[in-house]
> 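Structure below; questions to follow.
It should be emphasised that the depicted structure is a prediction, and the values quoted were computed from it without experimental measurement.
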Amino acid sequence: MHEGMSHRIEMVLRLMAVLTLGALGLSACGGREEGKRSPSPAAAGEVRQYCTSVLAVETIPEPAIDLDALPPDQQVEEAKKFARESIRPLADDIVASAPEQVREEVAVLNNAVREMENTGNFDVFEGPEVVEASKVAHEFDLENCGWERVDVTATNYAFGGVPNQLRAGATSFELANNGSEHHEMVIFRKNDDTRETFDQLLALPEEEAEKKVTFVAATDAMPREDGVYTIANLRAGQYAMVCFIPVGSTPEAEKAAEESKQEIQGPPHFTRGMKSEFTVR
């Protein structure tokens, strides 16, 4: 199941990161900058439509394309198209319903999405103003939208903090990487007619395994990075959280591999135990 899986997920992560108003994986490490305002509490009725629209963006299905098969210029064009056709209607809903407490942050994020629609420039979402707006908006969402929160700690090679059982509904998985290697958390739901265990599924050829599970959500974090999250609208069933990144994927090793246009050849982290299973009821 792991051959090529991590590379495809990384491309999905990159595309989703630059398109969602929640800016997956773009929250800065550590606390908010000194002097930044904190959003004040809002009434539930005031934010209901806003929260519904944000959740729709955060859980939008991945593009139905094989990003790995496209050259870089076509990946950019697909990103621009996805932003225009899939993200823009939802972004407009968020702008229209944004409570006063986060209206300023939503405007910043919406402008970034607009620039992405026009240019396909990924770097626009890495600016400090956009990162800070994403962080403040996500904190507001956690406080006001009624989502469950699961704080996950990644180490070499395990996930900590994942409960054995969760309630169905919107859940924000908050990732902190305390390990020395790059880690991801990829969440799958076992299809209702699948009888194999997750261990058996992970041992299958990738194409066969993918027919038996449904991709739910994913994000990743570099060493000592926290504040990274992914949101899933969970329904009843059996789930697994898996890291497909190869053993030895330190920032230095990844930089060297990129410069040499090679791949790190270590076995996937899940083969060392970086996998957690949980049930949603």
Side-chain angles (χ1 to χ4, degrees), residues 11-28 32 36-37 39-40 42-65 67 74-147 169-174 215-219 227-233:
M11 291 307 305
V12 172
L13 286 173
R14 187 179 185 214
L15 183 57
M16 296 301 287
V18 299
L19 295 178
T20 60
L21 289 181
L24 282 176
L26 291 178
S27 298
R32 188 179 304 144
K36 291 289 184 178
R37 65 184 176 84
S40 56
E46 180 183 358
V47 300
R48 186 176 298 113
Q49 182 56 51
Y50 163 81
C51 290
T52 298
S53 299
V54 170
L55 182 61
V57 171
E58 295 280 16
T59 59
I60 193 169
E62 63 184 87
I65 54 176
L67 295 174
Q74 286 186 247
Q75 291 176 10
V76 170
E77 289 305 313
E78 286 294 338
K80 291 163 63 175
K81 178 181 177 182
F82 188 57
R84 291 192 303 268
E85 297 180 0
S86 298
I87 299 295
R88 174 47 55 196
L90 298 173
D92 289 342
D93 288 344
I94 293 173
V95 171
S97 61
E100 184 276 333
Q101 291 89 341
V102 288
R103 200 165 293 156
E104 179 182 329
E105 286 74 24
V106 167
V108 170
L109 294 166
N110 186 53
N111 287 338
V113 173
R114 184 175 291 112
E115 185 171 343
M116 181 65 194
E117 291 178 85
N118 294 330
T119 67
N121 180 14
F122 294 98
D123 294 340
V124 66
F125 283 85
E126 298 178 2
E129 184 182 18
V130 177
V131 170
E132 181 64 22
S134 172
K135 183 173 184 288
V136 173
H138 183 56
E139 289 174 354
F140 177 89
D141 299 343
L142 289 174
E143 293 170 4
N144 292 276
C145 290
W147 302 338
T171 303
S172 183
F173 292 88
E174 309 281 325
F215 171 81
V216 175
T219 193
V228 179
Y229 71 93
T230 185
I231 296 175
N233 202 0

> Would you mind reporting whether Cys145 and Val47 have side-chain heavy atoms less than 4.5 Å apart?
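Val47 does not reach Cys145 side chain to side chain.
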> Can you name the nearest heavy-atom pair linking Cys51 to Trp147, along with the distance?
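That closest heavy-atom pairing would be O-CZ2, 4.2 Å.
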> Looking at Val228 and Thr219, what are the two nearest heavy atoms and their distance?
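What the structure gives for the nearest pair is CG1-OG1, 3.0 Å.
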> Supply the atom-to-atom distance Arg103 CZ to Ile94 CD1, rounded to the nearest 0.5 angstrom.
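If I round to the nearest 0.5 Å, the distance is 14.0 Å.
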> Is the shortest heavy-atom distance from the side chain of Glu105 to the side chain of Glu132 under 4.5 Å?
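Heavy-atom side-chain distance check fails, nothing below 4.5 Å.
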> CD of Gln74: more than 12 outside heavy atoms within 6.0 angstrom?
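Correct, the count exceeds 12.
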> Which heavy atom of Ala137 sits nearest a heavy atom of Val102, and at what distance?
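The answer is CA-CG1, 4.2 Å.
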> Output yes when a side-chain donor or acceptor of Ser53 lies under 3.5 Å from a complementary backbone atom of Gln49, and no otherwise.
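Confirmed, Ser53 side chain pairs with Gln49 backbone.
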> Would you indicate whether the side-chain heavy atoms of Ile60 and Ser86 approach each other to under 4.5 Å?
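Counting from C-beta outward, Ser86 and Ile60 do come under 4.5 Å.
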> Would you indicate whether the side-chain heavy atoms of Asn111 and Arg114 approach each other to under 4.5 Å?
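The answer is yes; the side chains approach within 4.5 Å.
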> Below 30° counts as parallel, above 60° as perpendicular, anything between as tilted: where do the rings of Tyr50 and Phe140 land?
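Rings of Tyr50 and Phe140: perpendicular, over 60°.
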> Closest approach of Asn233 and Ala170, non-hydrogen atoms and distance?
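Between these two residues, the closest heavy atoms are OD1-N, 3.3 Å.
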> When rounded to the nearest 0.5 angstrom, what is the spacing between OG in Ser172 and CD1 in Ile231?
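With rounding to 0.5 Å, OG (Ser172) is 4.5 Å from CD1 (Ile231).
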> Using only heavy-atom distances, determine whether the side chains of His138 and Glu58 contain a donor-acceptor pair under 3.5 Å.
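No.
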> What's the shortest heavy-atom distance between Thr230 and Ala217, and which atoms?
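Answer, listing the atom of Thr230 first, then Ala217: OG1-CB, 3.3 Å.
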> Compare every heavy atom of Leu142 with every heavy atom of Glu174, then report the nearest pair and how far apart it is.
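For Glu174 versus Leu142, the nearest heavy atoms are OE2-CD1, 3.7 Å.
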> May I ask you to test the Arg88-Asn110 pair for a side-chain heavy-atom distance under 4.5 Å?
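Side chain of Arg88 against side chain of Asn110, heavy atoms only: contact under 4.5 Å found.
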> Could you state the interatomic distance from CD (Glu85) to CD1 (Ile87), rounded to the nearest 0.5 Å?
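Reported to 0.5 Å precision, the distance equals 11.5 Å.
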> For a 4.5 angstrom cut-off between non-hydrogen side-chain atoms, does Tyr229 reach Asp141?
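They are not in side-chain contact.
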